[in-house]
Undergrad: 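The following block contains the structure, expressed as structure tokens.
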Amino acid sequence: MQNITVIGSGTMGNGIAHVFAQQGFQVSLVDLKEDFLQKAVSTISKNMDRQVAKGKLSEEDKTAALSRISTFTDLKSGVSSADLVIEAATENLSIKLDLFRQLDELTPKSAILATNTSSISITKIAAVTQRAGQVIGMHFMNPVPVMKLVEVIRGYATSDEVTNDIMELSKKLGKVPVEVNDYPGFVANRILMPMINEAIYSLYEGVAGVEEIDTVMKLGMAHPMGPLQLADFIGLDVCLSILKVLHDGFGNPKYAPCPLLINMVEAGYKGVKSGEGFYQYTAGSKDLVVASRFSK
């Protein structure tokens with residue numbers, strides 16, 4: 001595999017394109033609008049500048065990596081020569097199913113079709129294609145250039161050969177792949193999201209404040225980031241979506257999203273992306289400030 005197409009140029013998509021280009025792969029980055037793509041390439045360049053400043057990348061290697069990224073607003077053109085497609089579009093089932101139907105028609109028959117979904121069934125996505133054995137999950141962690149883990153999720157029909165190929169490919173990126181099976185939330189979010197949800201319930205029920213809850217988990221459990229801050233970082237809308245997948249998939253009330261989380265998302269308080277969640281975020285500031293609605 002040498003030609004990689006990444007669908008979606010947002011935070012995860014541009015991060016995935018970054019690591020593949022840096023490791024010598026030819027990358028086609030696809031999105032709906034040229035503005036999105038230019039913003040993504042600018043972000044990749046800035047992130048590589050940080051690597052250069054830290055001595056982890058040379059200017060020459062940065063220039064070479066960026067030259068390996070091509071951008072497309074036309075899906076057919078972007079996937080026509082792909083050996084591997086990684087979908088990193090919106091975490092929405094209907095959008096993903098429609099996209100995989102198109103990918104099945106437009107890509108070479110030998111291409112592997114992967115999704116970066118954090119919770120949606122690989123088996124369900126694969127079922128809308130004529131190549132279920134070649135559909136797999138590659139769940140990268142944010143920020144992609146920094147985080148080592150890739151959760152490799154094999155659907156019910158994913159072949160051993162494809163799974164092994166993706167495990168080896170992930171290692172070539174300098175990542176640590178972990179193979180898991182296709183059940184709601186996989187491993188990462190099946191464990192993480194109930195913890196985040198419980199932290200929100202602890203706030204909702206008045207057990208402790210935002211800062212106190214996060215401090216307990218950071219200092220008591222050695223977490224680098226508290227669960228409420230992490231929820232803001234992930235996006236409260238994304239957390240809610242994953243919890244709904246878990247709740248629907250298992251039918252277990254322990255996965256039911258906290259009413260506070262539901263209200264915050266409906267009101268538009270989605271965390272870092274909206275400027276406010278459990279904390280208040282100001283452009284250019286790294287200070288962690290509890291949102292006024294939760295401050296004492």
Side-chain angles (χ1 to χ4, degrees), residues 1 3-48 50-51 65-100 102-103 106-107 111-120 122 125 135-153 166 169-170 173-175 177 188-189 233-235 237-238 241-242 270-273:
M1 285 183 280
N3 297 317
I4 312 298
T5 295
V6 180
I7 310 290
S9 63
T11 301
M12 297 305 295
N14 72 58
I16 294 167
H18 176 149
V19 296
F20 272 101
Q22 188 175 329
Q23 294 302 321
F25 294 87
Q26 295 296 324
V27 178
S28 298
L29 185 58
V30 181
D31 213 323
L32 297 172
K33 295 182 179 181
E34 187 63 34
D35 288 352
F36 298 163
L37 293 164
Q38 294 309 310
K39 182 180 178 181
V41 172
S42 176
T43 298
I44 293 169
S45 180
K46 290 175 183 175
N47 288 337
M48 287 184 176
R50 293 191 184 95
Q51 292 177 299
L66 289 174
S67 73
R68 288 191 282 268
I69 300 174
S70 302
T71 59
F72 298 87
T73 54
D74 177 62
L75 181 63
K76 183 177 181 179
S77 300
V79 304
S80 61
S81 61
D83 299 313
L84 167 68
V85 177
I86 303 175
E87 171 272 319
T90 304
E91 192 74 350
N92 177 289
L93 178 60
S94 62
I95 290 174
K96 290 188 188 296
L97 295 184
D98 182 58
L99 184 53
F100 271 79
Q102 294 181 66
L103 291 174
L106 298 174
T107 57
I112 295 172
L113 306 182
T115 173
N116 183 57
T117 182
S118 55
S119 61
I120 294 172
I122 309 303
I125 291 172
V135 179
I136 195 164
M138 288 186 80
H139 181 204
F140 290 83
M141 304 294 131
N142 185 28
V144 180
V146 176
M147 300 293 279
K148 289 290 187 182
L149 177 66
V150 178
E151 200 175 22
V152 177
I153 308 106
I166 294 302
L169 178 67
S170 299
L173 297 176
K175 303 299 185 185
N189 282 316
F233 183 70
I234 294 169
D237 54 334
V238 176
S241 175
I242 296 169
K270 301 178 181 180
V272 175
K273 68 176 74 175

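Just so it is clear, the model here is predicted, and its values are computed rather than measured.
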Undergrad: For the pair Lys148 (side chain) and Met141 (backbone), establish whether a donor and an acceptor sit closer than 3.5 Å, ignoring hydrogens and angles.
TA: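 Looks like no, no N/O pair under 3.5 Å.
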
Undergrad: Side-chain contact test, heavy atoms from C-beta onward, threshold under 4.5 Å: evaluate it for Thr11 versus Val144 and give yes or no.
TA: no

Undergrad: For Ser170 versus Val150, what's the shortest heavy-atom pair and its separation?
TA: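 Of all heavy-atom pairs spanning Ser170 and Val150, the closest is OG-CG1, 4.0 Å.
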
Undergrad: So do Ser28 and Val79 actually touch side chain to side chain, heavy atoms under 4.5 Å?
TA: no

Undergrad: If you measure only the distance, is there a donor-acceptor pair under 3.5 Å linking the side chains of His18 and Gln51?
TA: yes

Undergrad: With no hydrogens and no angle check, is any side-chain donor or acceptor of Asp83 less than 3.5 Å from a backbone partner on Asn3?
TA: yes

Undergrad: Identify the heavy atoms of Leu99 and Ala89 that sit nearest to each other, and give their distance.
TA: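 Nearest heavy atoms, Leu99 then Ala89: CD2-CB, 4.4 Å.
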
Undergrad: Any chance you could measure Leu29, atom CG, to Leu37, atom CG, to the nearest 0.5 Å?
TA: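 Rounded to the nearest 0.5 Å, the CG-CG separation comes out at 5.5 Å.
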
Undergrad: Measure the spacing between CG of Leu97 and CD1 of Ile120 and express it to the nearest 0.5 Å.
TA: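 Those atoms lie 7.5 Å apart.
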
Undergrad: Give me the atom names and distance for the closest heavy-atom approach of Leu84 to Ala114.
TA: CD1-CB, 4.0 Å

Undergrad: Find the distance between OG1 (Thr107) and CZ (Phe100) and round it off to the nearest 0.5 Å.
TA: 9.5 Å

Undergrad: State the CD-CD1 distance between Gln102 and Ile7, to the nearest 0.5 angstrom.
TA: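 Answer rounded to 0.5 Å: 9.5 Å.
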
Undergrad: Judged by atom type as modelled, is there a donor-acceptor pair below 3.5 Å linking the side chain of Ser42 to the main-chain atoms of Gln38?
TA: no

Undergrad: Nearest 0.5 Å, what's the CE-OG1 distance between Met138 and Thr117?
TA: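 One gets 14.0 Å once the value is rounded to the nearest 0.5 Å.
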
Undergrad: Within the structure provided, determine whether Arg68 and Val27 are in side-chain contact (heavy-atom separation under 4.5 Å).
TA: no

Undergrad: Decide yes or no for Ile44 and Ile69: does some side-chain heavy atom of the first lie under 4.5 Å from some side-chain heavy atom of the second?
TA: yes

Undergrad: Does any part of the side chain of Met1, heavy atoms only, come nearer than 4.5 Å to the side chain of Ile112, both counted from C-beta?
TA: yes

Undergrad: Can you find a heavy atom in the side chain of Leu149 that is under 4.5 Å from one in the side chain of His139?
TA: no

Undergrad: Okay, side chain of Glu91, backbone of Ser118: is any donor-acceptor separation there less than 3.5 Å?
TA: yes

Undergrad: If we ignore hydrogens and angles and just use 3.5 Å, is the side chain of Ser241 paired with the main-chain N or O of Asp237 as donor and acceptor?
TA: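 Flag not set: sc Ser241 to bb Asp237 has no pair under 3.5 Å.
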
Undergrad: Using atom types as modelled and distance alone, determine if a side-chain donor or acceptor of Gln26 lies under 3.5 Å from a backbone N or O of Ile4.
TA: no

Undergrad: Going by the side-chain contact (heavy atoms from CB on, under 4.5 Å) test, name the single residue among Asp98, Thr5, Leu113 that passes it with Leu103.
TA: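 Answer to the side-chain contact (heavy atoms from CB on, under 4.5 Å) test with Leu103 among Asp98, Thr5, Leu113: Leu113.
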
Undergrad: Among Asn142, Val6, Ile86, whose side-chain contact (heavy atoms from CB on, under 4.5 Å) with Met12 holds?
TA: Asn142

Undergrad: Return the CE to OG1 distance between Met48 and Thr43, rounded to the nearest 0.5 Å.
TA: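 Separation between the atoms: 11.5 Å.
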
Undergrad: Please step through side-chain contact (heavy atoms from CB on, under 4.5 Å) for the pair Lys175 and Val19, ending with a clear verdict.
TA: CA-CA 10 Å; Lys175 303 299 185 185; Val19 296; 4.2 Å; yes

Undergrad: Side chain of Lys96, backbone of Ile125: donor and acceptor closer than 3.5 Å?
TA: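 Side chain of Lys96 to backbone of Ile125: no pair is present.
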
Undergrad: Report yes if some heavy atom in the side chain of Phe140 is under 4.5 Å from a heavy atom in the side chain of Leu173; otherwise report no.
TA: yes

Undergrad: If you measure only the distance, is there a donor-acceptor pair under 3.5 Å linking the side chains of Asn92 and Thr90?
TA: no

Undergrad: Which pair of non-hydrogen atoms, one from Ile122 and one from Gly137, has the smallest distance, and what is that distance?
TA: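 Minimum heavy-atom contact is CD1-CA, 3.7 Å.
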
Undergrad: Ile16 and Asn116: side-chain contact (heavy atoms from CB on, under 4.5 Å), yes or no, with the steps?
TA: CA-CA 9 Å; Ile16 294 167; Asn116 183 57; 4.0 Å; yes

Undergrad: For the residue pair Ala82 and Ala111, what are the closest heavy atoms and their distance?
TA: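 Distance-wise, the nearest heavy atoms are O-CB, 3.4 Å.
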
Undergrad: Kindly say whether Ser9 contributes a backbone atom to a donor-acceptor pair with the side chain of Asp31 at under 3.5 angstrom?
TA: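 Side chain of Asp31 to backbone of Ser9: a pair is present.
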
Undergrad: Any side-chain donor paired with an acceptor under 3.5 Å for Glu87 and Thr115?
TA: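 Judged by distance alone, the side chains do pair up.
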
Undergrad: Got more than 12 heavy atoms from elsewhere within 6.0 Å of NZ, Lys273?
TA: yes

